[in-house]
Amino acid sequence: MERSGRGPLVVVSHLGLDKDHQLARACPEIDVIVGGHTHDALPDGETDNSVLIAQAGDYARFLGQIELEIDPESGAVLQKTARLVKVPTTTLPDPVFEKAVQEAKDEAARFIGRSVGVLQETFDQDFFIECDVANLAADTLIERMQAEAAILT
């Protein structure tokens, strides 16, 4: 993987911990993988091939905190740490967050059951090779998130 630009390379993954480790071994250029899917609670993260892997468990029991010390001249990551912060069970939901969730649900409800397009031909779907469904989803993520790349598995 060729890196361009300055600063850390952080991957947000939903591959699961085993696949995050495989990704770290395949791409040592990555500085941090913030992972999900398997809901592992990694108290101090895990390092594989110099890549810091962090996951914060499930059901918002923890908040994950990642700290990066970055060289201001080169943009290189000098040090990286991860830790979990226990969320007290007495913590009330944040009203701003709750409002945003409700607004998103209300917006989604307006679209449920509404046709947004018609396929002129069948899309292929394959869990092991590149396929039309994954390409459409990746293209949609790139456009919606104004990203440079998107990878789906």
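Because the structure is a prediction, the values reported are computed rather than measured. Note that the numbering runs from 1 along the sequence shown for the chain.
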Q) Can you check whether Asp48 reaches Ile53 side chain to side chain, under 4.5 Å on heavy atoms? A) yes
Q. Is there a path from Ile30 to Leu17 through hydrophobic residues (I, L, V, M, F, W, Y) whose side chains come within less than 4.5 Å of each other?
A. yes
Q. So do the side chains of Leu23 and Ile33 get within less than 4.5 Å of each other, counting heavy atoms only?
A. yes
Q) How about Glu143: does its CD atom have over 12 heavy atoms from other parts shown lying under 6.0 Å from it? A) no
Q. Looking only at heavy atoms, what is the nearest atom pair of Ala56 and Phe62, with distance?
A. O-CB, 3.8 Å
Q: Work out which heavy atom in Ala150 is nearest to a heavy atom in Ala138; give both atom names and the distance.
A: CB-O, 3.6 Å
Q: Scan side-chain atoms only and decide if Glu130 and Asn135 contain a donor-acceptor pair under the 3.5 Å cut-off.
A: yes
Q: Working to the nearest 0.5 Å, report the span between NZ of Lys86 and CG of Leu63.
A: 10.5 Å
Q. To the nearest 0.5 Å, how far apart are OG in Ser50 and CZ in Arg25?
A. 12.5 Å
Q. For Asp132, does the CG atom have more than 12 heavy-atom neighbours from other residues, nucleotides or ligands under 6.0 Å away?
A. yes
(Q) Which heavy atom of Gly7 sits nearest to which heavy atom of Asp31, and what is that distance? (A) O-OD2, 4.4 Å
Q: Decide yes or no for Gln65 and Leu84: does some side-chain heavy atom of the first lie under 4.5 Å from some side-chain heavy atom of the second?
A: no
**Q.** Reported NE2-to-CG distance for the pair His37 and Asp18, which is rounded to 0.5 angstrom
**A.** 10.0 Å
Q) Strictly by modelled atom types, are Asp106 and Gln102 linked by a side-chain donor-acceptor pair under 3.5 Å? A) yes
Q. Judged by atom type as modelled, is there a donor-acceptor pair below 3.5 Å linking the side chain of Asp94 to the main-chain atoms of Val96?
A. yes
Q | Spacing of CD belonging to Gln22 relative to CG belonging to Asn49, to within rounding of 0.5 Å | A | 13.0 Å
Q: Could you check if a side-chain atom of Glu46 sits within less than 4.5 angstrom of a side-chain atom of Asp40, using non-hydrogen atoms only?
A: no
Q.
Counting C-beta onward and ignoring hydrogens, is there a side-chain heavy-atom pair between Val51 and Val11 closer than 4.5 Å?
A. no
Q. Quick check: does any side chain N or O of Lys80 sit under 3.5 Å from a backbone N or O of Glu69, one acting as donor and the other as acceptor?
A. no
Q | For the student: nearest non-hydrogen atoms of Ala149 and Ile142, plus distance | A | C-CG1, 3.8 Å
Q) Hey, what do you get for OG1 (Thr47) to NE2 (His21), rounding to the nearest 0.5 Å? A) 9.0 Å
Q | Val32-Val12 co-clustered via ILVMFWY side chain contacts under 4.5 Å | A | no
Q) Does a side-chain heavy-atom distance below 4.5 Å link Val10 with Val34? A) yes
Q: Evaluate the criterion side chain to side chain contact (heavy atoms under 4.5 Å, CB included) for residue pair Thr140 and Leu136; output intermediate values, then yes/no.
A: CA-CA 6 Å; Thr140 302; Leu136 174 64; 4.0 Å; yes
Q: Tell me, please, which residues at least two apart from His39 pass ring-ring contact (aromatic ring centres under 6.0 Å, His included).
A: none
Q. Got a second to check how far Glu67's CD is from Gln79's CD, nearest 0.5 Å?
A. 9.0 Å
(Q) Any heavy-atom pair between the side chains of Gln55 and Asp20 that's under 4.5 Å? (A) yes
Q: Might you work through the side chain to side chain contact (heavy atoms under 4.5 Å, CB included) test for Thr81 and Ile66, ending with a clear yes or no?
A: CA-CA 6 Å; Thr81 60; Ile66 297 170; over 6 Å; no
